[in-house]
Number of protein chains: 4
Amino acid sequence: MGKREDKIHQTRSRLLSIADRMIAEHGYEEVSVDQIVAACGIAKGTFYNYYESKAALITALSQQHFRQVTDITDTYASKAPVEAMGQYLTEYMQVIKDAGIGLARQWVRYISSAAGNTGKWDQDVSNITSLLEKLIASGSLKKATPVQELAELSMTQLYGAVLTWTILGENFQPVKNIQHVCRDFLPSVLEPYVVAPPYVKAFKSHSCS
Amino acid sequence: MGKREDKIHQTRSRLLSIADRMIAEHGYEEVSVDQIVAACGIAKGTFYNYYESKAALITALSQQHFRQVTDITDTYASKAPVEAMGQYLTEYMQVIKDAGIGLARQWVRYISSAAGNTGKWDQDVSNITSLLEKLIASGSLKKATPVQELAELSMTQLYGAVLTWTILGENFQPVKNIQHVCRDFLPSVLEPYVVAPPYVKAFKSHSCS
Amino acid sequence: MGKREDKIHQTRSRLLSIADRMIAEHGYEEVSVDQIVAACGIAKGTFYNYYESKAALITALSQQHFRQVTDITDTYASKAPVEAMGQYLTEYMQVIKDAGIGLARQWVRYISSAAGNTGKWDQDVSNITSLLEKLIASGSLKKATPVQELAELSMTQLYGAVLTWTILGENFQPVKNIQHVCRDFLPSVLEPYVVAPPYVKAFKSHSCS
Amino acid sequence: MGKREDKIHQTRSRLLSIADRMIAEHGYEEVSVDQIVAACGIAKGTFYNYYESKAALITALSQQHFRQVTDITDTYASKAPVEAMGQYLTEYMQVIKDAGIGLARQWVRYISSAAGNTGKWDQDVSNITSLLEKLIASGSLKKATPVQELAELSMTQLYGAVLTWTILGENFQPVKNIQHVCRDFLPSVLEPYVVAPPYVKAFKSHSCS
DNA sequence: AATGAATGAGAGTTCATTCAT
DNA sequence: TATGAATGAACTCTCATTCAT
C-alpha cells in the first residue's frame with residue numbers, strides 16, 4: 001500500500017517546510033531543535049533520524065532554496081536588454097526574499113565564511129553572462145558588450161542588496177530596490193551597448209550629425 | 001573630585017571597546033559575558049552594574065558605531081562628480097581591503113546578524129548623500145539629482161563588492177573592481193544629472209559627427 | 001526441515017560472536033545496539049527478537065565464555081610440582097602476550113567493568129585447581145596442600161602481572177616476570193607441600209653441612 | 001566572617017564525598033551529573049563551577065584516594081619482616097577497599113588504558129623497596145635480599161587482587177585475600193632472606209650440621 | 001561599586017526500546 | 001520473522017542572570 005512510505009514522506013516534508021519557515025522568520029540561532037520538533041508534532045529523536053545535526057538541516061535548506069534560480073535565462077532572451085536583465089534580477093531577488101531574511105542571513109554567513117564557496121557566485125555570474133550572450137546573439141546587444149564586466153556588476157549589485165537587506169531588515173525592500181535600480185540606472189548602464197531599434201536609431205542618428 | 005566618575009567612565013569605555021573588538025572578531029553569539037568580563041579583568045556581577053543585559057551592551061555598541069562620523073566628503077566636493085564619487089568609493093574600499101579579508105568576513109557576519117546594526121549603513125549612505133549635496137551646491141550636479149537613490153545604489157554596489165570579496169578571496173580584487181565600475185559605468189549613471197562644464201560640452205557636441 | 005531453525009540459530013550465533021568481539025574491543029558502554037545490528041547486517045527490531053534487551057545479550061555472552069573450557073592441564077600433571085605450575089603459568093602468559101598489549105588492555109576493561117564477568121576467573125582458578133589435584137593424585141604434592149588457596153594465589157599473581165603490563169607497557173616483560181617469580185619464589189611457596197622425590201631428599205639432606 | 005568561604009568549602013566537601021559514595025556504589029557510568037547534584041542539593045550549573053567535566057571529578061576522586069598510601073612505611077620498619085610487609089600490604093588494600101569497588105573499577109580502567117600512567121606503579125614499588133631497605137638497615141633482612149624483585153612481586157600480587165576484586169565483586173574479599181596470602185605464603189617467600197632471631201638461629205644451626 | 005558562587009532553563013545529541021507494517 | 005521509523009527520557013554541558021556578601 002505504501003502507507004508507511006507516504007507517512008515518511010509527509011514527515012520529511014513537514015519537517016523541511018516548517019523548519020524552513022521558522023528559520024526564515026527567526027533566524028538559525030534563535031530556533032531550537034526543541035521548537036522545530038514541537039511545531040512538527042514529532043519527537044526529538046525523530047529529527048535526528050532525518051538530519052544528523054541541526055547544522056545539516058540548514059545546509060539542506062540552503063541547497064533547496066538556491067537551486068531554484070538556474071537555467072531560467074532562456075525566458076528572458078527574447079526581450080529587450082533592459083527588460084530582460086531587469087526582470088531576471090528582480091525575479092532572482094524575489095526568490096531570495098521569499099526564502100526569508102533569516103535564511104538570507106544564514107546564507108551570507110555561510111558563503112562569506114572561510115574557503116571555497118565560490119560555486120554559487122560562479123554560477124550566478126555564468127547565468128547572467130549566458131543571458132547577455134543570448135541577447136547579443138539575438139541582435140539586441142552589440143557584439144562589443146563587456147559581458148563579463150556587466151555580469152559581475154549586476155551580481156555585486158544584487159549581492160550588495162541582499163547584504164543590505166540582512167543589515168536593515170524591514171527598513172529595506174530588496175525587490176523594490178532592485179526594481180528601482182533597474183528602472184533608474186540600468187538603462188544608462190546598458191545604453192552604450194544596446195542596438196537601438198529602428199525609430200530610436202533614426203532619431204539618434206539625426207540628433208547629432 | 002571626579003576621580004570615581006573617571007574610573008567608572010573608564011571601565012564603561014573599556015567594556016565597550018573590548019566587547020566591540022571581540023564581537024567583531026568572533027560574532028555576537030560566540031562571545032559570552034564570561035569572556036568579555038575576563039578580557040576586561042572585571043567580575044561578572046560588575047558587568048551588570050554597567051549594562052542591564054548582554055543585549056543592552058549590543059545596543060550601546062551600535063550607538064557608538066553610529067557616532068563614528070568621519071566627514072571626509074569635503075575633500076572630494078570640489079572635483080567633477082564622476083571623479084569625486086569614484087575617488088570616494090575607491091578610497092573607502094581601499095580602507096576595507098587594507099583591514100584584511102578576515103576582518104571583512106567578520107564584519108559581514110557582524111552587520112548581517114540581526115540585532116539592528118543599521119548604524120553603519122545609515123552613516124555610509126548619509127556620507128554619500130552629503131557628498132552629492134555638496135556637488136549640487138557647487139553647481140556640478142543638477143538640483144533634480146536623485147540623491148538618496150544614487151547614494152543607496154553606490155553603497156549596495158560597494159557592499160556587494162565586499163561580500164563578493166569575502167566569497168571569492170584572492171580571485172576577486174575589490175579595489176580594482178570598484179575602479180572599473182566607476183570608470184565604465186558610473187559616467188553613464190551620473191550622466192543625466194551632470195551639469196556639463198563649458199569645455200566638455202563643447203568637446204562633446206563636436207565629438208559626434 | 002530445520003532450515004528455518006538453522007537460520008535462526010545462525011543469526012543468534014553471529015549476533016553473539018560479533019557482539020563479543022565488538023565489546024571486547026571497545027567496551028560494553030561504548031558499543032551500541034545500532035552498531036551491533038549494523039555489523040550483523042540485521043535490523044534493529046530483529047535484535048529484539050533474539051534478545052529481550054542489550055543486558056540479556058551480555059548475560060548470554062558471559063555464559064558463552066563460561067563454556068570455553070580448554071583443559072590443558074593434563075600435559076603438566078606428570079612433571080614435578082614447581083615445574084608443572086611454572087610451565088603452565090608461563091605458557092598462559094605467553095598466550096596473552098602474543099595477543100598483544102592492546103587486546104590485554106581491552107580484556108582488563110572488559111572483565112573489570114561490572115556486570116558479572118566472573119566466568120573467566122572461575123575457569124582459570126578451576127584449571128589450576130585441577131592441575132594441583134592431579135599433582136596430588138600423582139603423589140608429588142601432599143594431600144594437605146591448600147589447593148584452592150594456591151590456585152587463587154597463582155591467578156591473582158598472574159592477573160596482577162597482566163594489569164602491570166597494561167600499565168607499564170614496554171617497561172614490563174610479563175612472561176619474564178612470571179618466569180622469575182616461578183623460579184625465585186614458587187619453590188618456597190610450594191616447598192611445604194611438595195613430596196620430595198628420593199634422590200632430591202638425599203641430595204638435600206647432604207647439601208647442608 | 002568567612003561565612004561565604006565556609007559555605008563554599010562545605011559545598012565542595014559535600015560534592016566530593018557524595019559523588020564519591022555514589023560512584024563507589026554504582027560505578028562511574030551509572031551515576032549521572034543530575035543524580036549527583038540532586039543528592040547534593042545544588043544546581044546543575046554549580047557542579048560545573050567546581051569541576052569542568054564529569055571526567056574531571058573522577059580524576060580528582062582517584063587522586064584523593066590513592067594519595068593516602070604514601071610514606072607510611074616508617075611505621076612498619078621496626079617490625080619483623082613478615083609482619084611489616086603483611087601489615088603494609090593489608091593496610092594498602094584496606095584503603096582501596098574503602099574507596100569502593102566502583103572507584104577501583106574506574107582506577108583499573110584509568111591506569112590500564114593507554115599511555116604513561118606509570119607513576120602510580122613506580123611509587124608503589126618504590127614504597128615497598130624503601131620498606132625492605134629499612135628492614136635490611138635494621139638488620140632483620142639479609143643484605144643479599146632481592147629488594148626490587150620482592151617489591152615487584154608484592155605489587156603484582158596486590159594489583160592482581162584488586163583486579164580480581166573488580167571482576168568478582170562481592171564474591172571476593174580483597175583484604176582477607178591479602179591477609180591470607182601474607183599469612184600462608186609470605187613467610188615461605190621471605191624465609192631465605194630473613195635474619196633469624198637468636199633462638200631460631202640456634203635451632204637452625206643445630207638442625208643441620 | 002565590586003564580587004563570583006549559585007542558579008536553572010535550555011542547548012544539541014544519544015540510544016535502548018517499541019510497534020505498525 | 002524482519003523491518004526501521006518513531007519515541008522520549010536521559011545524557012553532558014552552557015550561559016545569561018541573580019544576589020548575598
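Here is the naming used below: chain letters follow the sequence lines, and residue numbers restart at 1 for every chain.
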Checklist entry - In terms of side-chain heavy atoms of A43(D), which of dG12(E), dT7(E), dT17(F) is nearest? => result dT7(E)
Next on the checklist: Between dA1(E) and N49(B), counting only base atoms on the nucleotide and side-chain atoms on the residue, is there a donor-acceptor pair under 3.5 Å?
Outcome noted: no
Checklist entry - Can you list every pair that meets side chain to side chain donor-acceptor pair (under 3.5 Å) and has a residue in residues 34-58 of chain A, with sequence neighbours left out? => result D34(A)-K44(A)
Item to check | Whole-Å distance separating the CZ atom of R12(C) from the C1' atom of dT1(F) | outcome: 12 Å
Item to check | Closest nucleotide among dA6(E), dT13(E), dC11(F) to the D34(D) side chain | outcome: dC11(F)
Next on the checklist: So which atom in F172(D) and which in W165(D) form the shortest heavy-atom distance, rounded to 0.1 Å?
Outcome noted: O-CD1, 3.4 Å
Checklist entry - Start at the 5' end of DNA chain F and walk down; is the nucleotide closest to G45(A) or to V31(B) reached first? => result G45(A)
Next on the checklist: Within this structure, what is the CD1-OG1 distance for the pair I101(D) and T166(D), rounded to the nearest 0.5 Å?
Outcome noted: 6.5 Å
Next on the checklist: I need the CD1-P distance between I36(D) and dA10(F), as an integer number of Å.
Outcome noted: 16 Å
Item to check | Length of the line joining L15(B):CG and dA1(E):C1', which is rounded to integer Å | outcome: 14 Å
Item to check | Distance in angstrom units between L57(C) CG and dT17(E) P, rounded | outcome: 11 Å
Checklist entry - Of I42(A) and E52(D), whose nearest nucleotide on DNA chain F comes first from the 5' end? => result I42(A)
Checklist outcome for this item: Against the side chain of T11(A), the closest entry in dG12(E), dC15(E), dA6(F) is dA6(F)
Checklist entry - Given L163(C) and I167(C), is the side chain to side chain contact (heavy atoms under 4.5 Å, CB included) satisfied, shown in steps? => result CA-CA 6 Å; L163(C) 178 56; I167(C) 297 170; 4.2 Å; yes
Checklist entry - Roughly, in whole Å, what's the span from OH in Y48(D) to C1' in dG4(E)? => result 20 Å
Next on the checklist: Could you work out, with salt bridge (Lys or Arg N to Asp or Glu O under 4.0 Å) as the rule, every residue matching D98(D), not counting sequence neighbours?
Outcome noted: none
Next on the checklist: Could you tell me how far apart D6(A) (CG) and dA5(F) (P) are, to the nearest whole angstrom?
Outcome noted: 15 Å
Checklist outcome for this item: Note: L15(A) and I36(A) closest approach over all heavy atoms is CD1-CG2, 3.9 Å
Checklist entry - Using a cut-off of less than 4.0 Å, is there contact between a side-chain N or O of Y50(B) and OP1 or OP2 of dA2(E)? => result yes
Checklist entry - Roughly how many Å is it from CZ in F47(D) to P in dT14(F), rounded to a whole number? => result 12 Å
Checklist entry - Hey, are the side chains of R14(B) and T11(B) touching, using non-hydrogen atoms and a 4.5 Å cut-off? => result no
Checklist entry - Does dA16(F) have OP1 or OP2 sitting under 4.0 Å from an N or O in the side chain of S53(B)? => result no
Checklist entry - So what does the secondary structure string of DNA chain E come out as, 5' to 3', with Watson-Crick or wobble pairs under 3.5 angstrom, [ ] for crossing and | for pairs with another strand? => result .||||||||||||||||||||
Checklist entry - Do F47(D) and L57(D) touch side chain to side chain, with heavy atoms closer than 4.5 Å? => result yes
Checklist outcome for this item: Separation of dA6(E) atom P from Y51(D) atom OH, nearest Å, is 12 Å
Next on the checklist: With a 3.5 Å cut-off and heavy atoms only, can you find an N or O donor on one side and an acceptor on the other between the side chain of K44(C) and the base of dT3(F)?
Outcome noted: no
Checklist entry - Just to confirm, is there a sub-4.0 Å distance from OP1 or OP2 of dT3(E) to any side-chain nitrogen or oxygen of T46(B)? => result yes
Next on the checklist: From C-beta outward on K54(A), which listed nucleotide comes closest to its side chain: dT17(F), dA16(E), dG12(E)?
Outcome noted: dG12(E)
